[in-house]
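I have placed the structure first, in the form of structure tokens, so that the comments after it can refer back to it.
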Amino acid sequence: MNRFVLLIALSFVFSQLKSQNTIQEVVPGEWVKQWLLLGPVPLKEHEDISKSGMHYPGFETDYLIKTGGETNLKVKAGDAVRLKTVTLRWKQVSADNSEIDLVKEVSKMAPALAYAYTEVDCQQEGIWLASFGTNDGGRLWVNGQQVWDYQSERGLKPDADQVPVFLKKGKNTLLLKVEQRGNNWGFCFRFMAFPAKEALDRGGFLYITADKNGENHLASKFTDNVLNSLVQSIHLKVSDFQDKEMLSETRNGNFRGKINLPAENYRPYSADISLQLKTGETLPYKTSFYAGKRNEYTLFSQGKSDYKIELSSNASESEKWAAKELQTTLKEMSGVELPVTSSAGNNPKIVIGYNKILFQLTGIADPANNDESFVYLNAGPDIYIFGGRLRGTMYGVFSFLENELGCRWYTPKVTVIPKREELKFDYFGHTEKPGIRVRNDFYFEAFDPIWAARNKMNGTLDFADMPRQQPGGVEGYWAVHTFYPLMPPEEFFEKHPEYYSLIDGKRIHERAQLCLSNPDVLRIITERISEQMRKSPEFLIYDVSQNDWYNPCQCEKCQDIAQKYGGESGILIWFVNQVAEAVEKEFPDKFIGTLAYQYTRHAPENISPRKNVVVRLCSIECCVAHDFECEANHSFLTDLQQWSAIAPHLYIWDYVVNFGHYLLPLPNFATLQSKIKAFQQNNAIGIMEQAAYQSRGGEFSELRMYLISKILWNPDCNTEAVVNDFLSGYYGRSGKYIRQYFDLLQSLVTPDNHFPYGISPQDKIYTSAFTEKALELFQQAEKVADNEEILHRIELSELAILYLKCKQAPVLSRIDGSYEKFCRIAEREHVTHYAESGEPHRKAFHLEVENAQE
Ligand SMILES: [Zn+2]
Ligand SMILES: [Zn+2]
């Protein structure tokens with residue numbers, strides 16, 4: 001054999017080797033597409049639903065032990081793994097796009113798990129962000145080290161998890177173990193550049209833990225590998241709540257570990273942590289924590305308690321109400337009624353409302369009346385719950401019941417108060433503040449004042465002259481589309497047609513607006529809105545805005561002003577600013593609101609809304625399948641950003657429902673949080689989530705109104721946990737099937753399938769396969785319903801899918817009983833509105849199904 005032949009032979013061998021073990025290069029943002037898969041390994045379901053937050057039985061077993069185990073795996077395509085009853089083989093797959101679909105590649109079996117293994121080649125040694133999503137939960141090892149674990153069901157969301165990992169130069173191994181609990185199954189994985197500062201802001205670098213004995217540790221969610229390769233040294237300074245320095249030390253290497261803090265009593269501390277990175281950068285970071293020895297106290301035991309509820313005699317109305325709520329809730333939970341008193345004497349106590357003693361204990365000053373933030377904590381056996389008098393303390397009481405005692409107020413009718421034999425505690429310490437100032441959850445049942453107060457909803461939109469009466473009061477928004485209510489054409493048009501829009505050379509009032517350049521119009525509107533403000537001073541914002549149609553005035557004067565200020569929104573702001581200026585002196589704490597809507601949606605130029613003007617921006621034209629990153633939403637996002645650049649306050653009128661079909665399944669859950677966060681980041685002082693507001697029965701109304709209330713209060717809340725909590729709390733044992741339906745519904749969204757709020761039942765996303773699968777899941781849910789009441793809740797939720805079925809296949813729906821079931825549920829649950837238009841739509845729907853022919 002000559003050298004040439006040898007070379008060919010060798011290159012053949014190499015190419016064979018290479019094709020067997022293609023190593024992908026780590027490129028930031030690019031999906032890792034080549035994987036070896038092994039599965040399905042069968043798992044068992046939890047028999048006890050309370051364990052649903054853990055991996056399924058069998059997940060913890062290391063099935064790869066004969067080939068090195070999960071931490072030291074050595075495999076190639078074709079290798080066999082023998083299980084008890086079957087032999088599986090590692091299979092090479094390559095993704096077409098971001099996702100590896102395990103149902104397609106591995107099996108439809110559920111519950112089960114699959115392994116995915118791959119090797120990646122890294123050119124640049126250092127820290128990378130492993131960025132991935134899995135459906136359902138799972139576990140990840142990088143170079144044999146476990147770096148991530150997620151234990152519940154969930155849908156696939158790219159980049160749902162981001163974990164800093166250390167990659168060596170050259171070959172690195174990844175092993176994912178993905179759990180399948182039903183329906184879709186898959187994952188996607190990529191690496192991103194590691195942003196040190198952001199990681200610090202998320203609190204992953206370092207934090208301080210305190211254990212029961214008063215010992216404290218500097219801890220981190222990151223692996224030692226990551227910390228050691230990133231951090232040169234750490235300087236730690238700890239102060240007590242009065243800013244007295246308690247400790248100052250520097251650590252070089254072994255960053256984690258015990259902190260020797262001279263802390264005897266359990267109390268709050270703050271720490272300044274300064275990280276010197278190996279890159280030379282210094283990152284400062286401030287955190288607070290509690291330290292000190294804990295004792296155990298008994299709030300109640302076996303129907304007895306030594307505690308009293310202490311309520312100052314000058315407590316506010318909402319504080320009094322909250323004390324009463326605490327009393328009755330604790331009684332229902334424990335059987336014992338704690339007396340409410342203005343002085344608890346030597347008894348241990350729960351103190352409701354700010355109390356001077358708190359300054360000595362915590363250094364926290366008396367909060368402002370309308371401050372909605374709150375704190376609850378204990379000092380020895382005594383528990384303090386306090387915030388601003390208007391609503392802060394009240395919110396604190398409900399959060400205490402919710403977080404510490406497991407109470408829930410899912411809907412006005414469905415409250416969960418767990419029964420408990422005893423409650424012992426060693427420590428309470430918690431604080432919260434609102435993410436959005438005015439929170440308006442616009443579902444029919446969310447208008448219930450008690451439900452709203454308990455779930456921290458404080459916004460209303462009232463067309464009557466009085467805002468809703470609710471414990472703690474509300475921040476009302478008076479009216480909308482008020483041009484005509486303030487200046488009715490019946491009153492003025494005959495004598496003064498010039499007050500109304502000039503359209504194609506003619507003054508008209510039907511479906512028209514006001515002539516804003518007319519000084520008399522400004523005078524009358526100013527007078528009338530002032531009258532309104534005097535008459536109903538309870539509102540925060542008073543509306544001066546266009547009617548709900550187009551036709552702004554085309555007169556020369558109006559058009560000159562519009563042109564000067566960048567369009568129709570320009571003349572509107574010019575007009576509203578003058579009204580706001582005129583009322584400011586008499587009403588210094590109130591706002592004049594107006595609309596950026598339809599023809600006034602784009603931000604004006606050369607003019608800014610005054611400081612007492614609130615611009616209400618509407619998202620009605622948005623794509624609901626995706627968040628604002630979607631191309632179809634760029635124009636709205638641009639408007640939002642341009643408005644927020646000039647307007648001190650925005651109020652967002654957002655939509656979470658299909659007005660043409662309240663009952664139609666709407667897969668927009670994945671976008672709710674990111675949209676609210678975007679509003680928050682763009683000066684929103686208020687958000688209204690307009691929904692099915694006229695009757696019960698809107699699609700997933702109960703879940704949506706609950707979830708939205710949580711996000712509006714805390715835009716950073718863990719929505720996945722809220723959804724799971726609701727599904728198991730509200731639907732009981734059946735919750736897991738409703739979760740499967742929820743995931744099935746979300747899976748109708750794909751990256752390039754956009755749809756508006758008013759999506760039609762005939763849209764291509766609603767296949768009959770979807771409807772049939774959904775009905776099957778509801779049947780399973782109904783079969784295991786804990787009781788009749790829960791069965792009714794499930795059926796009410798099923799209404800959405802029955803509605804879709806009747807729309808898709810009216811004749812079949814009549815034959816197979818779907819229509820009959822729909823009618824029975826709708827009637828029993830008093831569902832009066834299938835759409836915003838109400839009765840005409842309802843009638844038409846029934847006629848359509850009843851008269852449909854093959
Ligand atoms: Zn005009
Ligand atoms: Zn879209």
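Owing to the predicted nature of the structure, the values given are computational and were not obtained by experimental measurement. Numbers for residues simply follow the sequence, beginning at 1.
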**OP:** May I ask you to decide if S644's main-chain N or O and N682's side chain share a donor-acceptor pair within less than 3.5 Å?
**Re:** no
Original post:
How are the rings of Y542 and F539 set relative to one another: parallel (under 30°), tilted (30 to 60°) or perpendicular (over 60°)?
Top reply: perpendicular
Subject >> Residue that, paired with Y410, satisfies side-chain hydrogen bond (donor to acceptor under 3.5 Å, both in side chains) out of D725, N455, T415 >> reply: D725
Original post:
Would you call the rings of F374 and W713 parallel, tilted or perpendicular, where under 30° means parallel and over 60° means perpendicular?
Top reply: parallel
Original post:
About how many Å separate CG of D382 and CD1 of I350, when rounded to the nearest 0.5 Å?
Top reply: 9.5 Å
Original post:
Hey, does I685 have a side-chain heavy atom less than 4.5 Å from the side chain of Q680?
Top reply: no
Original post:
OH of Y731 to OG of S797: how many Å apart, nearest 0.5 Å?
Top reply: 2.5 Å
Subject >> Parallel, tilted or perpendicular, as decided by the 30° and 60° cut-offs, for the rings of F447 and F442 >> reply: perpendicular
Subject >> Positive for salt bridge (Lys or Arg N to Asp or Glu O under 4.0 Å) with R439, one of E372, E475, E689 >> reply: E372
Original post:
Will you find, in the side chains of K456 and S399, an N or O donor that is under 3.5 Å from an N or O acceptor?
Top reply: yes
Original post:
Does a side-chain heavy-atom distance below 4.5 Å link Q673 with D627?
Top reply: no
Original post:
Atom CG of L712 and atom CZ of F679: how far apart are they, to the nearest 0.5 Å?
Top reply: 10.0 Å
Subject >> Donor-acceptor contact present, side-chain Q513 to main-chain N547, <3.5 Å >> reply: yes
Original post:
Out of W451, Y376, W409, which residue meets the ring pair (Phe, Tyr, Trp, His ring centres under 6.0 Å) rule with F398?
Top reply: W409
Subject >> Centroid-centroid under 6.0 Å between F587 and F591 rings >> reply: no
**OP:** Please tell me if the side chains of L663 and H661 come closer than 4.5 Å, counting only heavy atoms from C-beta onward.
**Re:** no
Subject >> Plane angle bin for F659 and Y655 - parallel if under 30°, tilted between 30 and 60°, otherwise perpendicular >> reply: perpendicular
**OP:** Only one of L672, V624, T671, D441 passes side chain to side chain contact (heavy atoms under 4.5 Å, CB included) with V656; say which it is.
**Re:** L672
Subject >> Side chains of K433 and N714 in contact at under 4.5 Å (non-hydrogen atoms) >> reply: no
Original post:
Is the Lys NZ or Arg CZ of R793 less than 6.0 Å from the centre of Y730's six-membered ring, within 45° of the axis?
Top reply: yes
Original post:
Where is the tightest heavy-atom contact between Y597 and C618, given as atom of each residue plus distance?
Top reply: CD1-SG, 3.5 Å
Original post:
Are the side chain of S545 and the backbone of H481 linked by a donor-acceptor contact shorter than 3.5 Å?
Top reply: yes
Original post:
Do F300 and Y307 have their ring centres less than 6.0 Å from each other?
Top reply: no
Original post:
Which of parallel (below 30°), tilted (30 to 60°) and perpendicular (above 60°) describes F669 and F700?
Top reply: perpendicular
**OP:** Answer whether the closest heavy-atom distance between the side chains of N633 and L637 falls below 4.5 Å.
**Re:** no
Original post:
Okay, side chain of E319, backbone of S316: is any donor-acceptor separation there less than 3.5 Å?
Top reply: yes
**OP:** Could you tell me whether the side chain of P488 reaches within less than 4.5 Å of the side chain of E491, counting heavy atoms only?
**Re:** yes
**OP:** Tell me yes or no: between the side chains of E332 and T328, is some donor less than 3.5 Å from an acceptor?
**Re:** no
Original post:
Checking salt bridge (Lys or Arg N to Asp or Glu O under 4.0 Å) against D543, which of R528, K590, R616 comes through?
Top reply: R616
Original post:
Passes salt bridge (charged side-chain N to carboxylate O under 4.0 Å, His left out), E531 versus R534? Steps please.
Top reply: CA-CA 5 Å; E531 238 171 78; R534 278 175 219 125; over 6 Å; no
Subject >> Residue list, side chain to side chain donor-acceptor pair (under 3.5 Å) with D639, at least two apart or on another chain >> reply: R601, H602
Subject >> Flag, side chain of N683 to backbone of A647, donor-acceptor distance under 3.5 Å >> reply: yes
Original post:
Going through the distances and angles, do R704 and E699 end up as a salt bridge (charged side-chain N to carboxylate O under 4.0 Å, His left out)?
Top reply: CA-CA 9 Å; R704 286 174 183 279; E699 182 253 351; 3.0 Å; yes
Original post:
Centroid-to-centroid, Y693 to F444, below 6.0 Å?
Top reply: no
Original post:
So do the side chains of V397 and F386 get within less than 4.5 Å of each other, counting heavy atoms only?
Top reply: no
Original post:
CD1/I436 to NZ/K677 distance, rounded to the nearest 0.5 angstrom?
Top reply: 11.0 Å
Original post:
Side chain of Y477, backbone of M688: donor and acceptor closer than 3.5 Å?
Top reply: no
**OP:** Output the distance between atom CD1 (I525) and atom CG (L514), rounded to the nearest 0.5 Å.
**Re:** 5.5 Å
